[in-house]
Amino acid sequence: MLPETFRVDSGRGMLDGLVDAGYQVEMMPMKRWKVFQSTTTGRGWRPSAGVWCLSIATRLPVLDRRELPMGKAFRDPAGPRTALQVDLAVGEQRVHLVGVHTSSKLYFGAPLMHMARLRPQLPTGAEPAIVAGDFNFWGPGVVATLRDGWRRTVRGRTWPAHRPHSQIDHILVNDAVKCLDAEVLPAFGSDHRAVRARLAV
């Protein structure tokens, strides 16, 4: 689950390497943007237009895809936000995976509003389900807001990456998913530290 990716209008983007390596990439466009990318000569930077996306990259077969609207938070430059659900085939088992990126406008209560709107749309029932991403909120508050049996797999500080003091990036699972291992990874260039979990269904 990649909460922030950028798909350029022309040329190769950051996810092309994953596609080349055999991943299927499902993207949820969030906002048109312009970023500065290194030129092919390595001398200077050039503006590149494209779309800021929430993405899920997987080697597992994708059975279905749904968009889960979370609404627009006050003064959120991204506009209306949407979570992305993909249903994956793990052997004979269907596994629901939801990618999330809530607004960082904490002082307006935006993450809580987004999660409250997401909650009734999340998978229910006995099938394995995972919700992961940048929640811009602390773990106990995420679990309390989503309710319905979700539990955290990773514990550790993720933000800001250079000197983290808070965990705002989470992987949550329901009772049909067992966590075998989980960790926060070292800083690697993002302003967040990545989280990783090995799960069994």
Checklist entry - Could you walk me through whether L172 and F135 pass the side chain to side chain contact (heavy atoms under 4.5 Å, CB included) check? => result CA-CA 11 Å; L172 294 91; F135 289 81; 3.7 Å; yes
Do [X] and [Y] come within less than 4.5 Å of each other through their side chains, counting heavy atoms only?
X	Y	result
P128	Q93	yes
L2	L18	yes
V98	I130	no
W150	V143	no

[X] to [Y] - nearest heavy-atom pair and separation:
X	Y	answer
M30	P3	CE-O, 3.7 Å
R81	T102	NH1-O, 3.4 Å
V100	L54	C-CD1, 3.6 Å
G99	I56	N-CD1, 4.0 Å
M70	R117	O-CD, 3.2 Å
P69	T82	N-CG2, 3.9 Å

Report the distance from atom [atom1] of [X] to atom [atom2] of [Y], rounding to the nearest 0.5 Å.
X	Y	atom1	atom2	result
T153	R151	OG1	CZ	8.5 Å
W138	H170	CH2	NE2	9.5 Å
Y23	S55	OH	OG	14.0 Å
L122	M115	CG	CE	11.0 Å
F6	C53	CZ	SG	8.5 Å
T124	N174	OG1	CG	10.0 Å

Please answer: with hydrophobic residues joined when any side-chain heavy atoms are less than 4.5 Å apart, are [X] and [Y] in the same cluster?
X	Y	answer
L97	L146	no
L60	V173	yes
L68	L63	no
L106	L112	yes
V131	V201	no

Polar side-chain atom of [X] near backbone of [Y] as donor-acceptor pair, under 3.5 Å:
X	Y	value
T158	I168	yes
H114	G71	yes
H192	W159	no
Q167	V154	yes

Next on the checklist: Show every salt bridge (Lys or Arg N to Asp or Glu O under 4.0 Å) that has at least one partner inside residues 86-106, sequence neighbours left out.
Outcome noted: D87-R94
Next on the checklist: Would M27 and L15 count as a side chain to side chain contact (heavy atoms under 4.5 Å, CB included) here? Give the steps.
Outcome noted: CA-CA 10 Å; M27 289 181 282; L15 295 175; 3.8 Å; yes
Can you give the donor-acceptor pairs under 3.5 Å from side chains of residues 175-187 to other protein atoms, not counting sequence neighbours?
from : atom 1 : to   : atom 2 : distance (Å)
E183 : OE2    : R196 : NE     : 3.1
E183 : OE2    : R196 : NH2    : 2.6

Next on the checklist: Going by salt bridge (Lys or Arg N to Asp or Glu O under 4.0 Å), name the residues that satisfy it together with E67, two or more places apart in sequence or in a different chain.
Outcome noted: R65
Item to check | R193/D169 ion pair, N-O < 4.0 Å | outcome: no
Checklist entry - So does R75 have more than 12 non-hydrogen atoms from other groups sitting under 6.0 Å from CZ? => result no
Next on the checklist: I'd like to know whether Q24 forms a side chain to side chain contact (heavy atoms under 4.5 Å, CB included) with R59, so could you lay out the CA-CA distance, the side-chain angles of the two residues, the decisive distance to 0.1 Å, and finally the verdict.
Outcome noted: CA-CA 6 Å; Q24 179 172 339; R59 291 182 184 273; over 6 Å; no
Item to check | side chain to side chain contact (heavy atoms under 4.5 Å, CB included) between L84 and M1, intermediate numbers included | outcome: CA-CA 10 Å; L84 175 60; M1 215 306 289; over 6 Å; no
Item to check | R66 and Q121: side chain donor to acceptor below 3.5 Å | outcome: no
Checklist entry - Between D134, N136, D76, which is the residue that forms a side-chain contact (heavy atoms from CB on, under 4.5 Å) with S104? => result N136
